[in-house]
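Computed over heavy atoms, backbone and side chain alike; hydrogens, waters and symmetry mates excluded.
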Amino acid sequence: ASRPRVQIDRDAVPSSRMPIRPRDLPEPRAVRPQLVLVGGGVRCGKSAFALARACQLGPRRLFIATAQAFDEEMRKRIRDHRAERGALFETLEEPLALPETLRQHASRVDVVVIDCLTLWLSNTLLQDDRQVEPRIETLAEALRERKSHVIVVTNEVGMGLVPDNALGRRFRDCAGRAHQVLARESDEIYMGAMGCLLRLRPDPVALMPFTPVTAPFTAEENEHVDRR
């Protein structure tokens, strides 16, 4: 008995001898910009880790610095940190208008590093105590609407002694509330202590090895800081 002939719909089955048409390919999946929260104590390695993580997320990188150079010690810290980043990051210095700066510039880069949240909170608190909570919410809204990956560096200040003055206690409470708000929105959370970075989200909790980012910094690049 002859075997039944099988009809093949060549329009339905792509073949290596047939060109692949666009409709045969799966729909490209949009990559959702990630929000990364990196916290910890002073000199625990969180800023170095944030820079290394940013280099993994894209070649167009923006660093938003919230520090203000009130004295020579702070000016030296800023120079040293700028030298560490070199030409790998464009730098904007913005101590107060952080949500607005993020909205204005994030769409033109792949990743933004904000360093740091707690300095921005301190600047805002000293300018107008009544505006701290509303400004935290404004920042959270800007982060929800982000057009690029964003890495937020912050100091965990709630694990030590209770401050002995009202302003210190107010700052500690504002930082704790801001961390809770941002942690709810974050895709990745890392905690630094004793030179080690632990991944808290996503599971499982793990020690994160990383190589600090360093780059040569020329005199010309040293002048290329956009102050807005």
- prompt: Any donor-acceptor pair under 3.5 Å linking the side chain of Lys46 with the backbone of Met191?
  reply: no
field: Donor + acceptor pair across side chains of Arg177, Gln180 (<3.5 Å)
entry: no
- prompt: Closest approach of Ala178 and Leu117, non-hydrogen atoms and distance?
  reply: CB-CD2, 4.2 Å
task: Please examine the side chains of Phe63 and Leu51, heavy atoms only from C-beta on, and report whether any two atoms are closer than 4.5 Å.
output: yes
field: In one Ile/Leu/Val/Met/Phe/Trp/Tyr side-chain cluster, 4.5 Å: Val42, Val38
entry: no
task: Can you run down the side-chain hydrogen bond (donor to acceptor under 3.5 Å, both in side chains) pairs that involve residues 192-211, sequence neighbours left out, and say none if there aren't any?
output: none
- prompt: Hey, quick one: are Met194 and Phe210 part of the same hydrophobic cluster, counting side-chain heavy atoms closer than 4.5 Å, chains of contacts allowed?
  reply: no
task: Taking ring pair (Phe, Tyr, Trp, His ring centres under 6.0 Å) as the test, write out the residues that go with Phe89, two or more places apart.
output: none
query: So do the side chains of Asp187 and Arg32 get within less than 4.5 Å of each other, counting heavy atoms only?
result: yes
Spatial distance of atom OG1 (Thr138) from atom CG (Leu98) [nearest 0.5 Å]: 10.5 Å
Heavy-atom pair with the smallest gap, counting every atom of Pro95 and Asn123: O-ND2, 3.1 Å
query: In terms of side-chain geometry, is the basic nitrogen of Asp115 or Arg77 positioned less than 4.0 Å from the acidic oxygen of its partner?
result: no
message: Determine whether Leu92 and Glu90 satisfy the following criterion, side chain to side chain contact (heavy atoms under 4.5 Å, CB included), listing intermediate values before the conclusion.
response: CA-CA 7 Å; Leu92 297 179; Glu90 176 190 353; 4.1 Å; yes
message: I'd like to know if the side chain of Gln127 reaches the main chain of Asp129, judged simply by a donor and an acceptor atom lying under 3.5 Å from each other, with no hydrogens or angles considered.
response: no
- prompt: Under 4.5 Å between any side-chain heavy atoms of Asp110 and Leu57, yes or no?
  reply: no
query: Which pair of non-hydrogen atoms, one from Val111 and one from Ala54, has the smallest distance, and what is that distance?
result: CG1-O, 3.6 Å
- request: Specify the closest pair of heavy atoms between Pro202 and Glu188, including all atoms of both residues, with the distance to one decimal.
  value: CD-CG, 4.2 Å
message: For a 4.5 angstrom cut-off between non-hydrogen side-chain atoms, does Tyr190 reach Met208?
response: yes
message: Looking at Arg146 and Leu143, would you say the former's side chain and the latter's main chain have a donor-acceptor pair under 3.5 Å?
response: yes
message: For the CD atom of Glu100 and the CG atom of Leu139, what is their distance to the nearest 0.5 Å?
response: 9.5 Å
query: Do Leu96 and Ile78 sit in the same hydrophobic cluster, where Ile, Leu, Val, Met, Phe, Trp and Tyr count as joined when their side-chain heavy atoms come under 4.5 Å apart?
result: no
Glu141 side chain reached by Arg103 side chain, heavy atoms, under 4.5 Å: yes
query: Side chain of His149, backbone of Pro33: donor and acceptor closer than 3.5 Å?
result: no
query: Looking only at atom types and distance, does a side-chain atom of Thr66 sit under 3.5 Å from a main-chain N or O of Cys116, one as donor and one as acceptor?
result: yes
message: Pair Leu167, Leu126 - check side chain to side chain contact (heavy atoms under 4.5 Å, CB included), show working.
response: CA-CA 9 Å; Leu167 181 60; Leu126 293 175; 4.1 Å; yes
- prompt: So, His179 and Thr154: side-chain donor and acceptor under 3.5 Å apart, yes or no?
  reply: yes
Stepwise side chain to side chain contact (heavy atoms under 4.5 Å, CB included) test for Met74 and Arg79: CA-CA 9 Å; Met74 199 61 186; Arg79 288 195 301 268; over 6 Å; no
query: Is there a side-chain contact between Val153 and Ile114, using heavy atoms and a 4.5 Å cut-off?
result: no
- prompt: To the nearest 0.5 Å, what is the distance between OG1 (Thr91) and CZ (Arg85)?
  reply: 4.0 Å
message: Closer than 3.5 angstrom, by distance alone: can the side chain of Gln68 be matched with the main-chain N or O of Phe70 as a donor-acceptor pair?
response: no
message: Side-chain heavy atoms nearer than 4.5 Å, only ILVMFWY residues, links allowed to pass through others: does that put Val157 and Val132 together?
response: yes
query: Taking atom OG1 of Thr124 and atom CZ of Phe171, what is their separation to the nearest 0.5 Å?
result: 10.5 Å
- prompt: Taking all non-hydrogen atoms of both residues, which atom of Arg61 and which atom of Leu88 are closest, and how far apart?
  reply: NH1-O, 3.2 Å
field: Ser186 to Leu182 - nearest heavy-atom pair and separation
entry: OG-O, 2.7 Å
Side chain to side chain, Trp120 and Pro99, heavy atoms closer than 4.5 Å: yes
- prompt: Is a donor on one side and an acceptor on the other found under 3.5 Å between the side chain of Arg135 and the backbone of Leu121?
  reply: no
- request: Could you walk me through whether Leu62 and Val113 pass side chain to side chain contact (heavy atoms under 4.5 Å, CB included), step by step?
  value: CA-CA 6 Å; Leu62 174 63; Val113 176; over 6 Å; no
message: If we ignore hydrogens and angles and just use 3.5 Å, is the side chain of Glu133 paired with the main-chain N or O of Gln131 as donor and acceptor?
response: no
statement: CD1 of Ile189 to CG of Leu198, rounded to nearest 0.5 Å, is 12.5 Å
- request: Would you check, one step at a time, whether the test salt bridge (charged side-chain N to carboxylate O under 4.0 Å, His left out) holds for Lys76 with Asp80?
  value: CA-CA 6 Å; Lys76 183 180 184 304; Asp80 291 345; 2.9 Å; yes
- prompt: Taking Arg53 for the side chain and Ile151 for the main chain, is one N or O donor matched with an acceptor at less than 3.5 Å?
  reply: no
- line: In short, salt bridge (Lys or Arg N to Asp or Glu O under 4.0 Å) pairs touching residues 118-128 with sequence neighbours left out are Asp128-Arg130
- prompt: Within a reach of under 6.0 Å around CZ of Arg169, are more than 12 heavy atoms found that belong to other residues, nucleotides or ligands?
  reply: yes
message: Tell me whether Ser122 contacts the main-chain N or O of Thr118 through its side chain, where contact means a donor paired with an acceptor under 3.5 Å.
response: no
